[in-house]
Visitor: 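Quick one: structure below, then a few questions.
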Amino acid sequence: MAAVTSLTTELAGTAAAKGPQSLRVGQRRRLNLFRYLMFTIFGLFFLVPLLAMVKFSLQGSRPGTWSLAAWKDIASYQGPPPLLPAIEITLELAVITSVVMLALVVPTMIWVRLRVRWFSRILELICLLPLSIPAIVLVVGFAPIYNRIERYNVSALMLFWAYVILVLPYVYRALAAGLNSMDATTLSEAARSLGARWPTVMLRIIAPNMWQAILNALLLTVPLVLGEFTIAYPLTYVTLPVELFSISRNSVNAGVLFSASTASLFFAFALLLLLSYVGRRLRRGRT
Amino acid sequence: MQGLSRRYGPVVALDGLDLTVQAGELVALLGPSGCGKTTTLRLLAGLEDADAGQITVGGNDITRLPANKRDMGMVFQAYSLFPHMTVRQNVAFGLRLRRVHSDQRDRRAIEMLDLVGLSTQADRYPHQISGGQQQRVALARALAIEPQVLLLDEPLSALDAKVRAQLRDQIRRIQLEVGITTLFVTHDQEEALAIADRVGVMQNGRLEQLAPPTEVYSRPATSFVAEFVGLTNRLEGTVSGSTVTVRGRDLPLVDLSTPPGPVIALVRPEAVTLASDSSGDAGPLVGTVIATTFLGATSRVTVDLGDTTILAQLTTSDAMEHPAGSRVALTIRPDPVLVAAQTSPEPSA
C-alpha cells in the first residue's frame, strides 16, 4: 500500500515530464489491473458458496423449479431437535456473551491501564491464551465442569462462560487498540483533579472514548458466537450451528438446512452492518 | 510543603523539599528534566503519594487526601480535554460533579470561557480547536471549580513560540484578575522569569533558590542557579579579600565569605562590552570576534581570547560594529559575581 501511495505521489510530482510519466501511467494501469484481478478472485471465492447456498435454499422439489418452501420450513421445522429454539438460544447466547464480556473486560482493562500498569503484560498473556489453545482442547477442560453443572438442569445458555473465554483474545485486542488511541492517564488525572471518583473516571471519561473499540469488540464477538460449533457439539448443547449440522445429516430436510444457514448468515450481516452504522454515527457526531 | 520526599526505586525525585506559597502568589518552579519540579506538582495535586513530608493548604493537612478531594485545579502539559465533550461540557464537568444546577453551571462555564476569550467556541469539540485554544479551555476548566490552588504543569511546552508568549501573558493576567494561588512548573527560564512573583530553581530534588525573578537573575544563590538561569561565561580567576581578579580585572564577590585562592568566576554575557582595538597589542582582554548570533534587538558575540572564548550580549547595532574577524578589547562591568570551585568542567558559557 505504501508503495502504491508513493507511486501516486511521484506521479503527481512528475506530471510535466512526459516520457517518464507515460511509463509510470503504464505501471499504474498494470497495478490497478492486478488489484481488480485479486479483488475478483477473492470476491468469487467468498461469493460462489454463498450464492450456491441461496440457490439451494430456493430450489424446488424438481430440478429447474424454484420454491420458498425451505424458508417457510424454518418456522415449522420440528426436528428432532426443533429449529426455532436453537435459533433463539444462539441469539440469546450472542447477547449474553457480549454483555458479560464487556462488563468483565472493559473495566478490568481500564483499571489495569490506570492503576496497576505492571499487570498489563500478565493480563495480555491471560487474555491471549485461549488463542493458543485449540478449541477441542478447551472442550476437554470444560467437559467435567459442564457435566457437573448439567445436574442442575441448566440450559444451553450456560455456554456463555465458555464463549466469554473463547472471545477474550479478539476482544482484548480490539479494546487495547481503543485504549492506546487516547492518553488515558492524562484524561483520568484531569478528571480526578476536577473531583471525579474512580468509577466516574471509568464510566464517564474513559469508556465513552472507547465506543469505537467496544463496537469493534462486538463486531468480533457476535459472529463468533453465532458460528461456534466445536464447543457446543461435544458438550451436547443444541445451538444453531449444532442444529444445522444435525439437519445436514438428515437429507430429507436438506432445503431447510440451506435456508436456515442463509438466514443466520444474513442475520449476522445485518447485525454487523447495524453495528458499523452505529459506530459511524457516533464518530460523525463528534466531527 | 514541608520535608516532602519521593523516591522512584533508587532515584530520589524529591529530597526533603520545603516550600511555602503565599495566598494569591504565582510561584514558578524551574529546573532541568528530572529535578523534581513535576513530582512536586503531582504530590501537591494528589496524583502521587509522598514517601515523607507534609502538605498543608490554608492550615489543613491534605497529605493523605485523594486527588479528587483536594480542590486543586490543574492544567497539564499534554492536551487533556475530554474528547467526547464539547468545550462547554468540558468546562462544566467539575461543576457537574459538584452537583451545581445546570443553569448556574452553564453560566459559570461561559463566564470562564469569556475569561480566556473562547466563549464563541463553546459548542465545538476539542479536536476542532487549536492546541493553544485547548490549553486555554483547560485553564478555564481548572478555574471553573474555584480551586484553592491552581497547578500548571508546563502548559505551554506543546505550543509554538508566538502562541506560547501570548498564552503566558494571558495566564498571568487571569491569575492576577482571579487572585488565585498558583504553582507553575516549567523548564523554560524565560517563561519562569516573565510570569512569576517568585521563582524556585530546583536541582536533584531540592530547591536551590526561591526568590523574585530579578534576584534569581542578578544575585543567584548558587553556581547552579547562575548557570541555569541565563547564559554564563566561566572564567578563571583568583579570590583575594572581597574581590575576584579575572584576567587582570577586579570584580566584587556576591559571597564575601569565599576563601582566597583560584576559582571559576561566572560572568554574565551582558556584563561584557566590546570596543574596537587597533593597537595590535596582546592583552588578557583583547581577542578576535569569531561569531555573532542575531537574536532580534540584541545579538550574542563570541570572542576568542586565545586560551578561552567569551560571550558578550550587545544591542544588535553595537554588535554590527564588530564583524567576525575584527580585533576587540573587552570590558567587564564590575557587577558582583558568583564563583565556582575550579574543579568544575571547563567549557565556557
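These numbers were taken from a predicted model, which means no experiment stands behind them. Each chain gets a letter, A, B and so on, in the order its sequence line appears, and its residues count up from 1.
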Visitor: Distance check, rounded to the nearest 0.5 Å: A:L187 atom CG versus B:Y79 atom OH?
Guide: 14.0 Å

Visitor: Between B:R141 and chain A, with a heavy-atom cut-off of 4.5 Å, which part of the residue counts as in contact: side chain, backbone, both or neither?
Guide: both

Visitor: Using non-hydrogen atoms only, which part of B:M74 is less than 4.5 Å away from chain A: side chain, backbone, both, or neither?
Guide: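 Both backbone and side chain.
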
Visitor: What part of B:A45 lies closer than 4.5 angstrom to a heavy atom of chain A: side chain, backbone, both or neither?
Guide: neither

Visitor: How far does OG of A:S193 sit from CG of B:L44, to the nearest 0.5 angstrom?
Guide: 11.5 Å

Visitor: If I measure from the heavy atoms of chain A, does B:L81 come under 4.5 Å with its side chain, its backbone, both, or neither?
Guide: backbone

Visitor: Does B:F82 reach the side chain of A:L194, with side-chain heavy atoms less than 4.5 Å apart?
Guide: yes

Visitor: Heavy atoms only, distances under 4.5 angstrom: which of A:T200, A:I206, A:V201, A:I205 has the most pairs with chain B? Name it, please.
Guide: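 If we count pairs closer than 4.5 Å to chain B, A:I205 comes out on top.
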
Visitor: Under a 4.5 Å cut-off applied to non-hydrogen side-chain atoms, are B:R96 and A:R204 in contact?
Guide: yes

Visitor: Would you say that more than 12 heavy atoms from the other residues, nucleotides or ligands in this model lie under 6.0 Å from the CD of B:E111, or not?
Guide: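 Enclosed.
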
Visitor: Under 6.0 Å from the OH atom of B:Y8, do we count more than 12 heavy atoms belonging to anything else shown?
Guide: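 Check passes, neighbour count above 12.
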
Visitor: Taking all non-hydrogen atoms of both residues, which atom of B:S80 and which atom of A:T186 are closest, and how far apart?
Guide: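 Shortest heavy-atom contact: CB-CG2, 3.5 Å.
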
Visitor: Does the side chain of B:P66 reach to within under 4.5 Å of the side chain of A:R197, using non-hydrogen atoms?
Guide: no

Visitor: Return yes when atom CH2 of A:W161 has more than 12 non-hydrogen atoms of other residues, nucleotides or ligands closer than 6.0 Å, and no otherwise.
Guide: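 Open.
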
Visitor: Which pair of non-hydrogen atoms, one from A:A196 and one from B:L97, has the smallest distance, and what is that distance?
Guide: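 Closest approach of A:A196 to B:L97, heavy atoms only: N-CD1, 3.4 Å.
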
Visitor: Which heavy-atom pair separates A:A190 from B:F76 by the least distance, and what is that distance?
Guide: CA-CE1, 3.5 Å

